[in-house]
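All values reported here derive from a predicted model rather than from experimental measurement.
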Amino acid sequence: MFTDINLEQDLGQMLLEKTALTPDQLKECLRRQRIKGGSLTQYLIDAGHLKDTDVATYLTCQYGYSYIPLKAYNVTDEALGMIPAQVACDYMIFPIEKNDRLLTVTMADPLNKGVIETLRQLTHCEIIVFVSTRSEIMEAIAKYYSPSLKRFEMDRFHKEEILRDDV
């Protein structure tokens, strides 16, 4: 869908143009992302520069993704069975519906093209992507996969410094 552009850089530039953050704030979050990997948007949220609802709004407006409030959605068992809980936690994604060879998921960061390709390979389905906030996805994972999942399991890579391959 968006193969020839650097989406996170474009998102950062758009946020600067909308004066949602300063150049220094963006540089610091990009530096953290290069060191630790993960999503630029999560570093912007963690630093307090944006709310997760702001990120969802920007993603829907700028890139045309549709927003789904997970609390109001009926999740199918077939969709849940397509993606293991740990994959959902690692990538902050949540499956909501499966029809034939189409799997509908919601993501906190739909700009990560590698995750979508990983999902295609894992599920052997075409992936339809919607946006939800990170907090909504975490809540849905805890509710539908296992109430015993602890928050640190959901964020196990977030605090570690890791070498990063764009997944």
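Under the side-chain hydrogen bond (donor to acceptor under 3.5 Å, both in side chains) criterion, T104 pairs with no residue at all, not counting sequence neighbours. In this structure, the side-chain contact (heavy atoms from CB on, under 4.5 Å) partners of T53, at least two apart in sequence or on a different chain, are K51, T133. For Y73, the side-chain contact (heavy atoms from CB on, under 4.5 Å) partners at least two apart in sequence or on another chain are I68, I96, E97.
Among all heavy-atom pairs drawn from I141 and C89, the shortest one is CG2-SG, 3.6 Å. Closest approach of L59 and A108 over heavy atoms only: CD1-O, 3.7 Å. Looking at every heavy atom in both residues, H124 comes nearest to R101 through O-NH2, 2.7 Å. Nearest heavy-atom pair across V131 and P110 is CG2-CG, 3.7 Å. The minimum heavy-atom distance linking I137 with T106 is given by the pair CD1-O, 3.9 Å. Taking every heavy atom of both residues into account, Y145 and I83 meet most closely at OH-O, 2.6 Å.
In this pair, Y144 and F94 present their aromatic rings tilted. The plane angle is within the 30 to 60° band.
Each salt bridge (Lys or Arg N to Asp or Glu O under 4.0 Å) pair with one or both residues in residues 57-86, not counting sequence neighbours, appears once here: K71-E139, E78-K98. Note on residues 54-66: no pairs pass salt bridge (Lys or Arg N to Asp or Glu O under 4.0 Å), not counting sequence neighbours.
With a 4.5 Å cut-off on side-chain heavy atoms, P95 and L80 count as touching. With a 4.5 Å cut-off on side-chain heavy atoms, L103 and L119 do not count as touching. M107 places none of its side-chain heavy atoms less than 4.5 Å from the side chain of Y65.
Remark: D52 CG to R134 CZ distance equals 9.0 Å, nearest 0.5 Å. Note that CD1 of I128 is 11.5 Å distant from CD1 of I116, once rounded to the nearest 0.5 Å.
Put simply, the side chain of D109 gets close to the backbone of L111: a donor and an acceptor are under 3.5 Å apart.
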Task: Derivation and outcome, side-chain contact (heavy atoms from CB on, under 4.5 Å), residues L44 and L15 - done: CA-CA 11 Å; L44 292 168; L15 292 170; 3.8 Å; yes
Open item on the list: Let's go through Y58 and T41 carefully: what are the C-alpha distance in whole Å and the side-chain angles of both, what is the deciding distance for side-chain contact (heavy atoms from CB on, under 4.5 Å) to 0.1 Å, and is it a yes or a no?
Closed with: CA-CA 10 Å; Y58 289 128; T41 56; over 6 Å; no
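Note on F130 and Y67: separate hydrophobic clusters, where clusters join Ile, Leu, Val, Met, Phe, Trp and Tyr whose side-chain heavy atoms are under 4.5 Å apart, directly or indirectly.
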With a cut-off of 3.5 Å and sequence neighbours excluded, list every side-chain donor-acceptor pair involving residues 20-32.
{"from": "T22", "atom 1": "OG1", "to": "Q25", "atom 2": "N", "distance (Å)": "3.1"}
{"from": "T22", "atom 1": "OG1", "to": "Q25", "atom 2": "OE1", "distance (Å)": "3.4"}
{"from": "Q25", "atom 1": "OE1", "to": "T22", "atom 2": "N", "distance (Å)": "2.7"}
{"from": "Q25", "atom 1": "NE2", "to": "H49", "atom 2": "ND1", "distance (Å)": "3.1"}
{"from": "E28", "atom 1": "OE1", "to": "R31", "atom 2": "NE", "distance (Å)": "3.3"}
{"from": "E28", "atom 1": "OE2", "to": "R31", "atom 2": "NH2", "distance (Å)": "2.8"}
{"from": "E28", "atom 1": "OE2", "to": "R32", "atom 2": "NE", "distance (Å)": "3.1"}

